[in-house]
2 protein chains.
Amino acid sequence: MTELAYINGKILPIKDAVVSIEDRGYQFGDAVYEFIASYDGKMFWLEAHLDRLIRSMSELSFPVISRSFLKDEIYRLYDKADISRAGIYIQISRGIAKRNHAFGNKMVPQLVMTIRPVSEVSPALKENGVKVITMEDFRWGRCDIKTVQLLPNVLAKQKAVKAGVYDTIFISREKIVREASSSNLFAVIGNKIFTHPLTRHILEGITRKVIFEICGRLNYEIEERFFDLDLLYGAKEVFLSGTVTEILPVIKIDDKFVGKGQPGPKARAIFKALRACTKDS
Amino acid sequence: MTELAYINGKILPIKDAVVSIEDRGYQFGDAVYEFIASYDGKMFWLEAHLDRLIRSMSELSFPVISRSFLKDEIYRLYDKADISRAGIYIQISRGIAKRNHAFGNKMVPQLVMTIRPVSEVSPALKENGVKVITMEDFRWGRCDIKTVQLLPNVLAKQKAVKAGVYDTIFISREKIVREASSSNLFAVIGNKIFTHPLTRHILEGITRKVIFEICGRLNYEIEERFFDLDLLYGAKEVFLSGTVTEILPVIKIDDKFVGKGQPGPKARAIFKALRACTKDS
């Protein structure tokens, strides 16, 4: 088991992995990324992550990198590292060039990866739930693309840490509930589960997709729908979802408890079903 | 005359200048920057750039780097490169750490610079003016901080290039005219010069500051004021300002000519005065 980095075909220790200061990822945040996790030595939802990565590059007019090449290189790093519960971070920047906002058509995308054991969210938090705060969404208008334009997410997460809570939920100017700093949000309102529709203001999480499948199997009514902060405060259950987050119940939002201030049955059942997915294939 | 890079005290060729892939500037866009130009071997408005750089770091809770240290290091690189009309790019990231949105209090900021001859805007464009298009402002909510969250600016500039024009002007949802992809905007409406007030939606340009001083000397009435796209379309003169842009007249916006479709007298007079500033000290 070894933590490793990968740069354009070369595998090396993370501490030795460097990129040019004129990589556009560094000077413009002109880069996309993915984070994939393995369970018991098997990578999960790799195809869905590749779909999204390829879409991100396409939306930003990056030169095409073939899916099979990406997949081969990810596996090459993964096999070499041999980490059973691994987190694989994949970043692709547009390329290296003398600093200039506009880019030509001769860019050579830079493929960078790291692999390490997953930094788990503590089991106690997954069991007992977390507290969150809210703030106005001040991110850019293309949150549907998984880019490294992450400074607002960094500042939101830091704000939560400073407030002694787990995370911050972004709320639009019109008080619509978007998502957390690096996870999607679901709320049980009445007998339905609501989550923000796929617009340019949220990322389509892979775990979010899996939750829709799970809800189908569990006969839970789930709906993509705009809902506001007042509805969120009154929800019976609230939970976050993400690759590392998995399913994380929210028990307090700002100064208001969610339901009885304890994780709810739907979040628990979905979490159980999600973990089961990682066993049975 | 040599193009050079600087990384944390070390001066080296730009092609050899590298940073860790776990520099937060690379993975989160967690970095601020400045661009300073020299004329005839003298750096201009350095103190104003340092003021803004220090403010940017402070707004993002970066550890403090002393002003005198920054100034000494900038001069050390500048003197070594010995480029008469130089562009000095200065980027400071929060530091290097294992990827995690939240940051601790042990970050060591990374100071990176490059120096090269300025890539001038062509004198013909400065003389004859440029065409621009407009698009909805989709940048994040802290454009007052000079960070590398620049992907929307990149996409806006690229959109202009594709349309065969010089740049794109960001317009808010309420149709308020903000600024261009990397310069401030001024419009002569009636007998006054209007420019967007200093909110979180525009950057306080150094050249913008100088223009206020120049307008005082020239007895031009200048006002910070919100104005919408319709007023912009009807303006007598429009011009952009920036460190490399200097003063750049805009002669066409979308499909509408500005005034008679030629650079106006106020833009010319302000440009002349700006260039004079770079001679007389």
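Just so it is clear, the model here is predicted, and its values are computed rather than measured.
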(request) Let me know if A:L155 has heavy atoms under 4.5 Å from chain B in its side chain, its backbone, both or neither. (result)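 When you check distances to chain B, only side chain atoms of A:L155 fall under 4.5 Å.
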(request) Sort A:T114 into side chain, backbone, both or neither according to what part of it lies under 4.5 angstrom from a heavy atom of chain B. (result) side chain
(message) Can you tell whether the side chains of A:E3 and B:R99 come within less than 4.0 Å, N to carboxylate O?
(response)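 Salt bridge flag = no for B:R99 with A:E3.
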(message) Would you say that more than 12 heavy atoms from the other residues, nucleotides or ligands in this model lie under 6.0 Å from the NZ of B:K131, or not?
(response)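 12 or below, so no.
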(request) Under 4.5 Å, heavy atom to heavy atom: which of residues 135-143 of chain A reach chain B? Give them by number, or say none. (result) A:F138, A:R139, A:W140, A:G141, A:R142
(message) Shorter than 4.5 Å, heavy atoms on both sides: which option in A:V19, A:N153, A:N100 has the most such pairs with chain B?
(response)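 Among the listed options, the one with the most contacts to chain B is A:V19.
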(message) If I measure from the heavy atoms of chain B, does A:V161 come under 4.5 Å with its side chain, its backbone, both, or neither?
(response)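 For A:V161, the side chain is the part near chain B, not the backbone.
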(request) Take B:D30 and A:L150 through the side chain to side chain contact (heavy atoms under 4.5 Å, CB included) test and state the conclusion after the steps. (result) CA-CA 8 Å; B:D30 194 357; A:L150 290 173; over 6 Å; no
(message) For chain A, which candidate among B:Q149, B:K157, B:H101, B:K98 shows the most heavy-atom pairs at distances under 4.5 Å?
(response) B:Q149
(message) Between A:V154 and B:F103, does the side chain to side chain contact (heavy atoms under 4.5 Å, CB included) criterion hold? Intermediate values first, please.
(response) CA-CA 8 Å; A:V154 161; B:F103 50 87; 3.8 Å; yes
(message) For A:I7, which atoms come within 4.5 Å of any heavy atom of chain B: side chain, backbone, both, or neither?
(response) side chain
(request) Identify which part of A:V112 has an atom lying under 4.5 Å from any heavy atom of chain B, answering side chain, backbone, both or neither. (result) side chain
(request) Determine whether more than 12 heavy atoms belonging to other residues, nucleotides or ligands lie under 6.0 Å from atom NZ of A:K175. (result) no
(message) Checking the side chain of A:Q91 only, and the main-chain atoms of B:Y26 only, is there a donor and an acceptor separated by less than 3.5 Å?
(response)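 At least one qualifying donor-acceptor pair exists.
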(request) Would you mind checking which part of A:D16 comes under 4.5 Å of any heavy atom in chain B, side chain (CB onward), backbone (N, CA, C, O), both or neither? (result)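 Contact with chain B is absent: no heavy atom of A:D16 under 4.5 Å.
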(message) For A:A156, which atoms come within 4.5 Å of any heavy atom of chain B: side chain, backbone, both, or neither?
(response)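 Neither; nothing under 4.5 Å.
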(message) Heavy-atom cut-off 4.5 Å, strictly under: side chain, backbone, both or neither for A:R24 against chain B?
(response) side chain
(request) Determine the option with the most heavy-atom pairs under 4.5 angstrom with chain B, choosing from A:G29, A:A17, A:S181. (result) A:A17
(message) Which one wins on heavy-atom pair count under 4.5 Å against chain B: A:R200, A:R94, A:R116, A:K159?
(response)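 Of the candidates given, the most pairs with chain B belong to A:R116.
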(request) Examine whether an atom of A:T147 lies under 4.5 Å from a heavy atom of chain B, and if so say whether it belongs to the side chain, the backbone or both; otherwise answer neither. (result)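 For A:T147, the side chain is the part near chain B, not the backbone.
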(request) Heavy-atom distances under 4.5 Å only: say whether A:Y33 touches chain B with side chain, backbone, both or neither. (result) side chain
(request) Mind ranking B:K15, B:Q27, B:K162, B:E22 by heavy-atom pairs under 4.5 Å with chain A and telling me who comes out on top? (result)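 Top option by heavy-atom pairs under 4.5 Å: B:Q27.
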